[in-house]
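Here's the structure we're looking at; comments come further down.
First the proteins, then the strands, lettered A, B, ... as listed; each starts at 1. Since the structure is predicted, the reported quantities are computational estimates derived from the model, not experimental observations. All heavy atoms count here, side chains included; hydrogens, waters and symmetry mates do not.
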Protein chains: 2
Amino acid sequence: MQRSTIDDVAQAAAVSIKTVSRVLNHEPNVRESTRQRVMAAVESLNYHPSQSARSLAGSRSYVIGLLYNNPSANYMFDLQTGAMERCRQDRFQLIIHDCTRRRQDIAKHALGLIDQTHADGLVLSAPVCDEPLLLDALHQRSVPYVCIAPNQSPHHASYSFMDDRAAAREITDHLLGLGHRRIAVIVGHPDHYSAVQRLLGFKDSMKAAGVEPNMQLQKQGFYDFESGYTATRELLALATPPSAILACNDDMAAGALMAAHEANINVPNDLSVAGFDDTYISKVVWPRLTTVHQPIQEMAKVATDQLIRQLKSGAQSEPKRIDHCLVVRDSTGPAPT
Amino acid sequence: MQRSTIDDVAQAAAVSIKTVSRVLNHEPNVRESTRQRVMAAVESLNYHPSQSARSLAGSRSYVIGLLYNNPSANYMFDLQTGAMERCRQDRFQLIIHDCTRRRQDIAKHALGLIDQTHADGLVLSAPVCDEPLLLDALHQRSVPYVCIAPNQSPHHASYSFMDDRAAAREITDHLLGLGHRRIAVIVGHPDHYSAVQRLLGFKDSMKAAGVEPNMQLQKQGFYDFESGYTATRELLALATPPSAILACNDDMAAGALMAAHEANINVPNDLSVAGFDDTYISKVVWPRLTTVHQPIQEMAKVATDQLIRQLKSGAQSEPKRIDHCLVVRDSTGPAPT
DNA sequence: CGCGAGTATGACAGCGCTGTCAACCGGTGT
DNA sequence: ACACCGGTTGACAGCGCTGTCATACTCGCG
C-alpha cells in the first residue's frame with residue numbers, strides 16, 4: 001500500500017523506466033502490446049507519477065496557476081470551477097493564487113510563484129490581467145499565459161471574453177422597450193474594463209433611442225452591494241426619480257432592491273431594476289433579477305483550454321468570444337404611466 | 001532575469017549550497033553573519049527555492065491539499081480564504097481539490113493526489129471529512145490530516161468545529177423569546193452532521209419551552225435555495241401555518257423569504273424567518289436575515305494551523321471550538337397576536 | 001599548550017522522473 | 001549478402017534540492 005514509483009511499474013511490466021515514461025506521456029513509437037502491458041502494471045500498482053520529479057526532470061510541470069484579485073465569492077467560484085474542469089481533463093493541477101493585496105509588486109510575486117511551483121503557465125482573470133507590468137514580466141520570462149476578459153487585447157496572449165458593450169445594449173434596450181426613458185445607471189468599479197464597456201453600451205442604446213443624457217442619473221458604483229444601495233438611495237431622493245435602474249452587476253442591483261424595499265417602492269411596478277452577470281444572487285433576491293448572463297465559468301474553461309493548447313503546440317490561439325444572453329425575470333416591468 | 005538556483009545563491013554568498021539550504025530551512029548552527037550574507041544573496045537574486053526539488057529531495061513538500069465536496073460558493077470561498085491565509089504565513093502552497101463527484105473511490109483519489117503532489121497533509125472540510133474509508137486510508141498511509149467540523153471526533157486527527165447544537169438553541173430561543181410557539185424548522189442535508197445537530201438544538205429549546213413537537217412543522221431540506229422555497233410553500237399552505245420558520249442555513253432561508261413574498265406575506269410582521277451561517281446572502285436579501293454567524297473562515301484557518309503545527313511537531317493538537325454568535329437583523333419580529 | 005566537545009561548514013549521494021543518445025531489430029533495395 | 005532505414009527499446013546523466021556524514025574550526029579546561 002506504499003507509494004509506487006516508476007521503477008516498480010517498469011519491473012512489473014518487464015520494461016525499462018524510459019518505456020513507462022513514454023507510455024505515460026503518450027510518446028510515439030511504443031508497440032501496442034508493450035503499451036498495454038505497461039498500462040496494466042500502472043493500474044494494478046495504482047501508480048501516480050510524481051509531479052515534483054516530472055517538473056524537475058522535464059520541461060513541463062503539469063501545474064497551472066490561476067491568479068485572481070476579484071473579491072466576489074461567486075465570481076471566484078465560477079472561475080475556479082471552469083478552470084479546474086479543463087485542467088482535470090489533461091491531468092493538470094490548478095494552483096489558486098490570490099493577489100488582492102499586492103498591487104505594486106504583483107509581477108515579482110507572480111514570477112516568484114512560477115519559480116517556486118515551476119508552473120507551466122498562468123490564467124489571469126479580470127482585473128489582474130490588465131496589469132501591464134505583470135504582462136511584461138511574464139512575457140520577458142516567456143511564461144505562457146492567457147487572460148479572461150482583458151481590457152485591451154494583450155499582445156502576447158490568447159484570451160476569452162464576452163461582449164460587454166453589446167450585452168449592456170441588450171439589457172438597456174429591454175428597459176427602453178418596456179417604455180422606460182428615465183433610466184439610471186450605476187456604473188461598475190473604475191478599475192474594471194467591463195465597467196467602462198457596460199456604460200458605453202448603455203449610452204449607445206440611450207442615444208439610439210433619442211434620450212438626452214442626464215448625469216444626475218449616472219452614479220459611480222464599485223461592483224459591491226453597498227455601493228448599489230447607496231447610489232439607489234440617492235437616486236430615489238431625486239426630485240424626479242428614475243423609473244428604472246440599470247446596475248452594472250448583480251450585487252449592486254441587490255443593493256438597489258434593498259434601497260427600494262426600504263423606501264417602500266414596489267419593484268417592478270413603480271421601479272424596474274436590472275442587474276448584470278446572472279450570479280447566484282440574482283436568483284435568490286426578491287423579485288428575481290432581470291440580468292445578463294455572463295458566462296464566467298465558460299470563459300475560464302475556454303481560457304484554460306487555450307493555455308493548455310498553447311503549452312502543447314507552442315502557438316497562441318485566436319481570442320474567443322463567449323456568448324452572453326439576456327435573462328428576463330421579475331425585477332423589470334412596464335414603465336409606470 | 002532568469003530563474004536562479006541554490007547554486008547561484010551559494011556562489012553569491014560564497015558558501016556551499018548546503019549552508020544556503022540551512023539558512024532557508026531555519027536549521028540551527030549557522031553563524032549569524034553567514035546567515036545574513038546568504039539572505040542578502042537570496043534577496044538580490046530574488047531566489048525562490050523550487051518546490052519540486054525540495055519535495056523530491058526532502059521529506060517535506062510545503063504543499064497542503066484542501067478537499068471539499070460542498071457545492072456552495074460562499075462556503076468554499078471562506079474555507080479557501082481561511083486556509084490560504086494560514087498557508088501563506090509559512091509559505092505553504094494550497095492545492096484545492098473538488099471531490100463532489102466521486103463518492104465511491106474518494107479514498108483512492110485522495111491517495112492519488114498525495115502521490116502526485118507529495119502533499120504533506122490534507123485539510124478535510126465537511127462533509128467529506130466524515131467518510132470513514134477516506135480517513136482509514138489516510139491513516140494507513142500515515143498522511144497527516146485535519147478536519148473542519150467533523151461528525152464524530154476522528155481518532156487520528158485534530159479538528160476545529162463550532163457548537164451547532166448550542167447555536168441552534170440560541171436562535172430558537174430568540175424566536176421563542178419573540179413569542180413564537182408555532183415554529184417550523186427546515187432541516188439541512190441529511191449527509192451533513194451539522195443538519196442533525198441543528199435539529200437537535202432546535203428540539204432542545206422547543207422542549208425546554210414546553211412546546212409540543214409537531215411533525216407537520218418539520219420539513220426536510222437540502223441546504224439549497226430550492227428546497228427552502230418548496231418547504232416553505234408547503235408550510236404556508238397548512239391550515240394553520242407557522243408564525244416563524246427556522247431554516248437551517250441561509251440559502252434555505254432565502255428560499256423561505258421568496259415563498260413568503262410570493263404569497264404576499266409580510267416578513268417579519270406576519271412571519272419570522274431565521275437563517276443559519278451568516279453567509280453573504282443573508283445580508284443582501286430583503287429583509288436582511290436574522291441568522292447565526294458560522295465562522296467558516298476562522299475554522300478553516302484554525303484547522304490549517306493545527307495541520308501545520310502537526311507537520312512541524314509531529315503531534316496532534318486538541319480539538320478547537322470556534323465561537324458562533326447570533327446575528328439579529330430584520331427578518332424576525334414579535335409573533336403576531 | 002593540547003585535547004575533547006561542541007559548533008559551523010562542506011562534499012556527495014540520491015529523490016523520481018525526463019531528455020539524449022546509442023543500440024537493436026527486422027524488412028528493403030541492390 | 002550487405003548497407004540502410006524506421007520503429008522500438010534501454011542506459012545514463014542530471015534537474016535542484018535535502019539528508020547524511022565527514023571535516024574544519026572554536027573554545028573551555030586540565
Side-chain angles (χ1 to χ4, degrees), chain A residues 2-38 41-42 45-63 91 93 112 114-120 311-312, chain B residues 2-38 41-42 45-63 91 93 112 114-120 311-312:
Chain A
Q2 262 306 327
R3 172 178 228 304
S4 41
T5 74
I6 199 172
D7 293 281
D8 302 332
V9 177
Q11 199 159 19
V15 293
S16 73
I17 58 166
K18 180 63 218 188
T19 299
V20 176
S21 172
R22 280 197 186 90
V23 171
L24 263 49
N25 292 290
H26 306 106
E27 285 175 31
N29 301 337
V30 177
R31 196 172 318 186
E32 177 59 21
S33 63
T34 316
R35 207 188 65 77
Q36 289 191 0
R37 225 168 54 241
V38 170
V42 166
L45 289 171
N46 200 16
Y47 167 70
H48 296 265
S50 150
Q51 249 168 44
S52 319
R54 274 186 146 176
S55 58
L56 195 53
S59 50
R60 271 222 277 296
S61 68
Y62 295 91
V63 167
R91 312 190 143 279
Q93 190 74 49
I114 295 285
D115 283 351
Q116 257 183 57
T117 62
H118 294 235
D120 291 332
L311 293 178
K312 286 181 173 166
Chain B
Q2 262 307 325
R3 173 176 226 304
S4 41
T5 75
I6 199 173
D7 294 281
D8 302 331
V9 177
Q11 199 160 17
V15 293
S16 74
I17 58 167
K18 181 63 219 188
T19 299
V20 177
S21 173
R22 281 198 185 91
V23 171
L24 264 48
N25 292 292
H26 306 107
E27 285 174 31
N29 301 337
V30 178
R31 195 176 321 202
E32 178 58 22
S33 64
T34 316
R35 209 189 62 78
Q36 290 190 359
R37 223 169 54 242
V38 170
V42 166
L45 289 171
N46 199 16
Y47 167 72
H48 296 266
S50 150
Q51 248 168 47
S52 319
R54 275 185 145 176
S55 58
L56 236 204
S59 51
R60 270 222 278 296
S61 69
Y62 295 91
V63 167
R91 312 191 142 280
Q93 190 74 49
I114 295 283
D115 283 351
Q116 259 182 56
T117 63
H118 294 235
D120 291 332
L311 293 178
K312 286 181 174 166

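Residues Arg31(B) and Arg35(B) are not in side-chain contact: their nearest non-hydrogen atoms beyond the backbone lie 4.5 Å or more apart.
Summarising the geometry, the separation between CD1 on Ile17(A) and P on dC12(D) is reported as 11 Å, rounded to the nearest angstrom. Atom CD in Gln11(A) sits roughly 15 Å away from atom C1' in dG16(C) (whole-Å rounding). In this structure, His48(A) atom NE2 and dG16(C) atom C1' are separated by 15 Å, rounded to whole Å. Counting to the nearest Å, the C1' atom of dG10(C) and the CZ atom of Arg31(B) are 14 Å from each other. As rounded to whole Å, 16 Å separates atom C1' of dC17(D) from atom CG of Leu45(B). Following rounding to the nearest Å, Arg37(A) (CZ) and dG10(D) (C1') show an atom-to-atom distance of 13 Å. Going from atom CG of Asp115(B) over to atom C1' of dC17(C) covers 14 Å, rounded to whole Å. Note: CD (Gln51(B)) to C1' (dC15(D)) measures 16 Å, nearest angstrom.
Nearest-nucleotide positions on DNA chain C for Arg22(A) and Thr5(A) put Thr5(A) closer to the 5' end. With DNA chain D read from its 5' end, the first of the two nearest nucleotides for Leu56(B) and Glu27(B) is the one closest to Leu56(B). Each of Tyr62(B) and Ser33(A) was matched to the nucleotide of DNA chain D holding its nearest heavy atom; the match closer to the 5' end belongs to Ser33(A).
Between Val9(B) and Val42(B), the shortest heavy-atom contact is CG1-CG2, 3.8 Å. Nearest heavy atom pair, residue Tyr62(A) against residue Arg91(A), reads CB-O, 4.1 Å.
A donor-acceptor contact closer than 3.5 angstrom links the side chains of Ser52(A) and Ser55(B). Judged by distance alone, the side chains of Asn46(B) and Arg3(B) never bring a donor and an acceptor atom under 3.5 Å apart.
At least one side-chain nitrogen or oxygen of Arg54(A) sits closer than 4.0 Å to the OP1 or OP2 atom of dT18(C). For dT8(D), the OP1/OP2 oxygens have a side-chain nitrogen or oxygen of Asn29(A) closer than 4.0 Å. A close approach under 4.0 Å does not occur between any side-chain nitrogen or oxygen of Arg60(B) and OP1 or OP2 of dT18(D). Remark: Ser21(A) is not in phosphate contact with dC17(C), judged by side-chain N or O atoms under 4.0 Å from OP1 or OP2.
When each of dT18(D), dC17(D), dT9(D) is scored by its nearest atom to the side-chain atoms of Ser50(B), the top-ranked nucleotide is dC17(D). Of the candidates dT20(D), dC17(C), dC17(D), the closest approach to any side-chain atom of Lys18(B) belongs to dT20(D). Among dC17(C), dT9(D), dG16(D), the nucleotide with an atom closest to any side-chain atom of Val30(A) is dT9(D). Of the candidate nucleotides dG14(D), dT18(D), dA11(C), dA11(C) has the atom nearest to the side chain of Ser16(B).
Using a 4.0 Å heavy-atom cutoff across all strands shown, Ser59(B) reaches sugar-phosphate atoms only and no base atom. In this structure, Thr34(A) reaches the sugar-phosphate backbone alone: every heavy-atom distance under 4.0 Å involves primed, P, OP1 or OP2 atoms, never a base. Ser52(B) comes within 4.0 angstrom of nothing in the nucleic acid, heavy atoms only. Contact annotation for Asp7(B): no contact, since no heavy-atom pair falls under 4.0 Å across all strands.
In this structure, the separation between CG on Leu45(A) and CD1 on Ile6(A) is 12.0 Å, given to the nearest 0.5 Å.
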